[in-house]
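Working notes, beginning with the structure itself.
Order of the sequence lines sets the chain letters (A, B, ...), proteins ahead of strands, with each chain counted from 1.
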2 protein chains.
Amino acid sequence: MGEPGNARDGKTRKAARLIDVARLANVSRATAARALGGYGVVTQETQRKVAEAATALDYRVNDLARSMRSGKTLTIGVVVADISNSFTLNSIRGIIDASASAGYQSLVLNTDGDVRREREAIRVLREKRVDGLLVVPASRIEVDHLAGGRGHGAPVVLFDRFIDDLPLDSVITADFEASRAAINLFVQHGHRRIGLLLGTAAHHGHQESEPHDTVSAVRERARGAMAGFADANLTVNSAWVRYAGSVAPTALAAARHLLAQSPRPTAVLAGNEEMLLGALAAAEEIDLTIGQDLSLIGFDDAPWLAVFRPPLSVVQRPTYELGRQAVTLLLSKVEGDRRPNSIVLPATLVSRASVARIGS
Amino acid sequence: MGEPGNARDGKTRKAARLIDVARLANVSRATAARALGGYGVVTQETQRKVAEAATALDYRVNDLARSMRSGKTLTIGVVVADISNSFTLNSIRGIIDASASAGYQSLVLNTDGDVRREREAIRVLREKRVDGLLVVPASRIEVDHLAGGRGHGAPVVLFDRFIDDLPLDSVITADFEASRAAINLFVQHGHRRIGLLLGTAAHHGHQESEPHDTVSAVRERARGAMAGFADANLTVNSAWVRYAGSVAPTALAAARHLLAQSPRPTAVLAGNEEMLLGALAAAEEIDLTIGQDLSLIGFDDAPWLAVFRPPLSVVQRPTYELGRQAVTLLLSKVEGDRRPNSIVLPATLVSRASVARIGS
DNA sequence: CATTTCAATGAGATCGATCTCTTTTTCCAA
DNA sequence: TTGGAAAAAGAGATCGATCTCATTGAAATG
């Protein structure tokens with residue numbers, strides 16, 4: 001007597017379980033499960049009784065128990081490097097919409113580009129027994145945690161980045177081509193001193209040489225730019241190339257450094273939203289007018305670009321669609337497809353007023 | 001024989017369970033659990049054996065089973081109305097950091113301000129047996145799903161919005177005061193024709209009267225503005241007040257409408273990031289110069305505001321801190337604290353060049 | 001040496017839903 | 001009225017970790 005927690009009175013007691021519903025409806029657990037789950041055969045009458053009992057008790061299935069029994073969680077894990085930027089946000093919308101319409105939940109975790117947090121995130125998601133993983137890997141070196149390990153077979157699909165020598169499918173955009181096209185545009189407008197502002201992981205510093213552990217997306221953009229330079233027979237001035245951690249102060253510092261060179265580049269390709277903001281801030285500081293003293297191209301459209309003047313040229317990537325396709329691919333893996341299959345979507349260069357024609 | 005899935009060979013078989021570790025280490029499940037869980041008493045020797053076995057088998061605990069047994073998931077659910085805006089993003093960072101350091105995971109779901117999606121999100125999270133819920137409610141009318149219902153006692157804390165007559169704790173900012181201060185600033189600069197652009201749920205339309213189901217944050221901002229008008233003995237011109245769904249096209253349409261009035265307001269308070277972008281776009285269309293022809297104040301700082309010219313005045317809210325405090329409050333509820341406790345953090349009006357002084 | 005006292009470990013129950021395999025019931029035909 | 005098939009429902013096992021409550025064994029004490 002006095003034992004707390006028994007479900008006698010209707011007040012704030014323990015949550016009703018299937019067995020409580022079954023008792024109230026005067027049937028067995030199995031029958032109650034059939035009635036609620038909509039499988040097997042049940043009388044209309046039984047169906048009604050069970051449904052009534054469930055309503056009366058405010059029964060909600062315990063997803064933990066169900067997943068444990070079924071071995072499926074109907075959940076995918078999404079591990080992104082930077083949840084703040086427009087690219088990721090739109091991709092996530094695509095991911096969530098696509099997985100929801102396939103009956104899957106998405107759990108999104110953010111790593112800020114930190115491999116340790118990524119490893120931790122993947123561990124947690126695996127412990128939660130997600131059915132599949134979509135990962136924007138923070139490193140191309142430390143990748144051991146991506147391979148599932150014995151029996152932890154939840155398939156992994158890489159998002160926006162690929163890793164050489166690792167047999168994982170990926171869904172990416174054509175960064176090389178996009179970057180090359182951006183450089184070509186600069187060249188067509190007469191630019192010959194072109195700077196590169198490339199955002200890398202969120203370390204706090206910037207440098208001129210490619211960091212040893214540079215993710216594919218950035219590397220491809222760098223290589224695409226180099227190809228663009230080669231197209232125009234330009235030699236690369238390494239003082240005009242800057243790799244910087246993707247946080248506002250670092251981006252700003254790198255941009256300042258770039259614009260303090262002499263001679264100063266007349267055009268800058270910014271590798272992501274942070275770098276673009278850094279370039280704009282640095283240019284403002286030394287009174288350079290965008291689209292006049294300095295030409296700019298960024299990566300990825302963002303809402304604020306609609307009101308920024310002058311309008312900025314950007315590489316537009318199919319973010320939402322990228323997310324959708326990644327989910328489709330991942331779920332095919334979840335359902336057992338073993339064929340390797342990577343997807344590359346094209347990017348579009350949108351030319352706006354931020355690229356000026358300069359004297360011949 | 002030939003049965004698939006038995007864990008004999010070391011290849012890609014089933015994931016190791018506790019019992020597999022126990023067998024390999026020649027101990028019972030109970031002992032293995034003690035050794036791995038770090039509770040109870042175990043010999044150094046046993047500890048070593050078990051640890052070795054676990055490593056050898058690449059054992060990972062099954063969180064589903066653990067949570068089921070323990071009744072705790074060490075997870076909180078976060079249901080936000082719009083994951084895209086800077087306010088939410090920063091808040092989420094605060095929420096994630098605070099909950100992580102308390103040993104909790106955060107599951108973030110987005111509703112886009114749609115009550116149906118909110119209801120669904122909360123249902124899913126409750127089925128996943130989260131220990132607590134942080135919700136930015138989309139409606140102040142449809143709130144039945146917020147109350148846990150019999151035994152589904154995961155506590156709920158409201159975030160950024162409160163609901164009258166519902167005994168739920170909330171963590172909000174002083175929107176009334178902030179809004180009033182914004183109007184006061186306009187008035188001090190000589191403005192007497194002041195427009196209001198208030199963002200509501202994501203329906204597609206805009207109107208001059210307050211929608212019946214307006215969330216507290218918006219309502220408080222409206223009332224704060226009214227108080228500001230009263231402070232200056234201004235009567236409200238309802239043609240200068242616009243409630244609009246928080247999606248780009250609607251925001252733009254509402255802003256256009258507002259600026260098409262005759263006489264046209266000389267100053268506009270934009271209730272969120274979308275409305276601010278809408279106002280900027282509409283002003284641009286009819287060649288109004290911000291900080292000259294039109295004064296503007298927005299809500300919440302965003303990264304792009306650092307490079308936008310002229311610098312825009314905004315109400316700055318302590319987003320990250322708001323998230324942290326919400327988690328602290330929620331976790332105290334999770335651990336059984338029953339005392340009602342709501343938190344209001346102050347907002348700061350940051351005055352920048354977008355507010356012009358106009359002739360007396 | 002017998003007995004007490006811990007330290008260390010093991011056996012088995014438990015969490016809640018589902019699923020396989022009976023068992024019971026129903027209904028129709030011979 | 002009885003056999004038999006089909007329909008409906010029930011019993012019990014299962015998923016994997018944890019926790020309570022024995023039980024074992026060894027050291028310590030008289």
- prompt: Below 4.0 angstrom, N of the basic side chain to O of the carboxylate: do A/Glu120 and A/Arg117 qualify?
  reply: no
message: Need to verify one output field. Residue with the more 5' nearest nucleotide on DNA chain D, A/Arg29 or A/Val41?
response: A/Val41
- prompt: Looking only at atom types and distance, does a side-chain atom of B/Asp213 sit under 3.5 Å from a main-chain N or O of B/Arg140, one as donor and one as acceptor?
  reply: yes
field: DNA chain C contacts among residues 66-74 of chain A, heavy-atom distance under 4.0 Å
entry: A/Arg66, A/Arg69
Nearest atoms (heavy-atom pairs only) where A/Arg126 meets A/His145: NH1-O, 3.3 Å
- request: Say whether B/Ser91 and B/Thr88, considering side chains only, have a donor N or O and an acceptor N or O under 3.5 Å apart.
  value: no
task: For the helix from C/dC1-D/dG30 to C/dA30-D/dT1, figure out the bend between the end axes, five pairs an end, and round to 10 degrees.
output: 60°
field: Heavy-atom closest pair, residues A/Val61 and A/Tyr59
entry: CA-OH, 3.5 Å
query: Has the side chain of B/Ser139 got a donor or acceptor atom that lies under 3.5 Å from a matching backbone atom of B/Glu142?
result: yes
message: Quick one: does any side-chain atom of B/Asp114 pair with a main-chain N or O of B/Thr111 as donor and acceptor, under 3.5 Å?
response: no
field: Sidechain N-carboxylate O distance under 4.0 Å for A/Glu127, A/Arg123
entry: yes
- line: Walking DNA chain C from its 5' end, the first of B/Thr46 and A/Leu64 to be reached, judged by nearest nucleotide, is B/Thr46
message: Test: salt bridge (Lys or Arg N to Asp or Glu O under 4.0 Å). Region: residues 89-104 of chain A. Which pairs qualify, not counting sequence neighbours?
response: A/Arg93-B/Asp82, A/Arg93-B/Asp112
- request: Might you confirm whether atom CD of B/Glu335 has over 12 heavy atoms from other residues, nucleotides or ligands at distances under 6.0 Å?
  value: yes
query: Taking any atom under 4.0 angstrom from a heavy atom of chain B, which nucleotides of DNA chain C are the first and last to qualify, 5' to 3'?
result: C/dA8 to C/dG16
- request: Please check the phosphate of D/dG10 (OP1 and OP2 only) for any side-chain N or O of A/Ser28 closer than 4.0 Å.
  value: yes
- prompt: Is the shortest distance from a Lys or Arg side-chain nitrogen in A/Arg129 or B/Asp63 to a carboxylate oxygen in the other one below 4.0 Å?
  reply: no
Euclidean distance, atom CD of residue A/Gln44 to atom P of D/dA9 [Å, nearest integer]: 11 Å
task: Report the residues that fulfil side-chain contact (heavy atoms from CB on, under 4.5 Å) with A/Thr75, sequence neighbours left out, ordered by chain and then residue number.
output: A/Thr73, A/Gln105, A/Leu107, A/Val130, B/Lys128
- prompt: For DNA chain D, what residues of residues 47-54 of chain B have any heavy atom nearer than 4.0 Å?
  reply: none
- request: Run the salt-bridge test on B/Lys49 and B/Glu52 with the 4.0 Å N-O cut-off and return the result as yes or no.
  value: no
